[in-house]
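One-based numbering, in listed order, for ligands and for the atoms of each. Worth knowing before you read on, the calculation uses all heavy atoms, side chains too, and leaves out hydrogens, waters and symmetry mates. A quick note: this is a predicted structure, and the numbers were derived from the prediction, not measured.
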Amino acid sequence: MSTTKKIFGFMLLMITTFTVLLSCCSATVYKVGDSDGWTAKDGMYRDWAEGKEFHVGDSLVFEYDRNFNDVTQVSGALELEFCDSSTPKAVYKSGHDVVTLKEPGYHHFISSNQSQCTSGQRLEVLVVHDPSLPTPPPLPRKILPFGKTYKVGDSQGWNVYDSDFYDKWSEEKQLHVGDSLLFEYDNEANDVLEISGDLEFKSCDPTSPVAVYKTGHDLVRLTEPGVHYFISSKTGHCEAGLKLRVVVSVPKLSPIDRLIRWLRTFRLHHH
Ligand SMILES: *[C@@H]1O[C@H](CO)[C@@H](O)[C@H](O)[C@H]1NC(C)=O
């Protein structure tokens with residue numbers, strides 16, 4: 001009797017383990033370029049990526065000769081188009097690199113060897129959340145630190161002024177996740193576009209904004225660490241200096257801040 005119970009218990013344990021394993025590890029590993037690997041072939045990676053659905057958690061394996069290649073992840077489509085590896089998001093060089101796709105959205109990979117990249121060694125993949133898995137909830141706003149609000153350009157607001165005015169303005173600021181930027185301007189003369197890449201920023205390219213604001217009194221909450229870029233889409237304004245690049249860091253909390261934050265979270269949860 002007790003043996004039967006043990007066997008039954010053991011089987012139950014095995015079934016549970018398998019179920020957990022299966023449901024946790026449905027991620028797919030893709031070898032980029034299949035048997036050709038990561039190399040220069042015109043149009044090849046567009047064809048390779050076509051028809052594949054990449055999910056958050058999947059991995060890309062890049063196999064190549066590391067003597068004259070690498071895998072450089074760049075921030076945008078423009079960098080990919082111009083084979084610009086000057087501001088990479090990440091660089092891999094082992095010759096056998098496994099890159100896990102951790103975020104949804106477009107991911108761009110090139111070889112930093114210019115001639116290799118221009119002859120086709122570049123890959124763009126669109127990553128989506130696996131529809132069969134529950135979407136992770138967005139970072140709840142209430143547990144973001146309670147930040148400060150900065151009025152962009154101070155009394156000058158968001159207007160064409162001096163070509164390096166906004167550079168200087170942002171240089172003096174230490175922005176943190178949870179802070180906000182307030183853009184004040186005449187909404188008939190201007191707007192605010194958040195854009196994604198350094199090259200778009202340098203070339204004042206408004207064609208693929210991440211967000212567009214137009215009210216003339218826009219409060220933009222900085223919810224993600226990293227570099228954020230804002231420009232005006234109005235002709236000539238960005239070129240004349242109406243562009244802002246800010247670096248947002250994760251706040252270092254003092255023990256007191258942590259306590260206050262914890263107490264606030266606690267209070268919010270138990271209302
Ligand atoms: C770039 O790739 C070419 C082959 O296409 C190779 O001959 C050259 O040495 C590489 N350049 C560098 C800097 O690795």
**Message:** So if I only count non-hydrogen atoms and take anything under 4.0 Å from ligand 1, which residues does that give, chain by chain?
**Reply:** F68, N113, S115, Q116
**Request:** May I ask you to check whether W158 and F230 place their ring centres under 6.0 Å from each other?
**Result:** no
**Prompt:** Can you pull the salt bridge (charged side-chain N to carboxylate O under 4.0 Å, His left out) pairs that have at least one residue in residues 38-53, sequence neighbours excluded?
**Reply:** D36-K41
**Asked** Does anything in residues 223-243 pair up under salt bridge (charged side-chain N to carboxylate O under 4.0 Å, His left out), and if so which pairs, sequence neighbours excluded?
**Response** none
**Message:** For T149, give me all partners under side-chain hydrogen bond (donor to acceptor under 3.5 Å, both in side chains), at least two apart in sequence or on another chain.
**Reply:** none
**Asked** Parallel under 30°, tilted from 30 to 60°, perpendicular over 60°: which one fits the rings of W48 and Y45?
**Response** perpendicular
**Item:** Donor on one side chain, acceptor on other, D70 and Y92, under 3.5 Å
**Value:** no
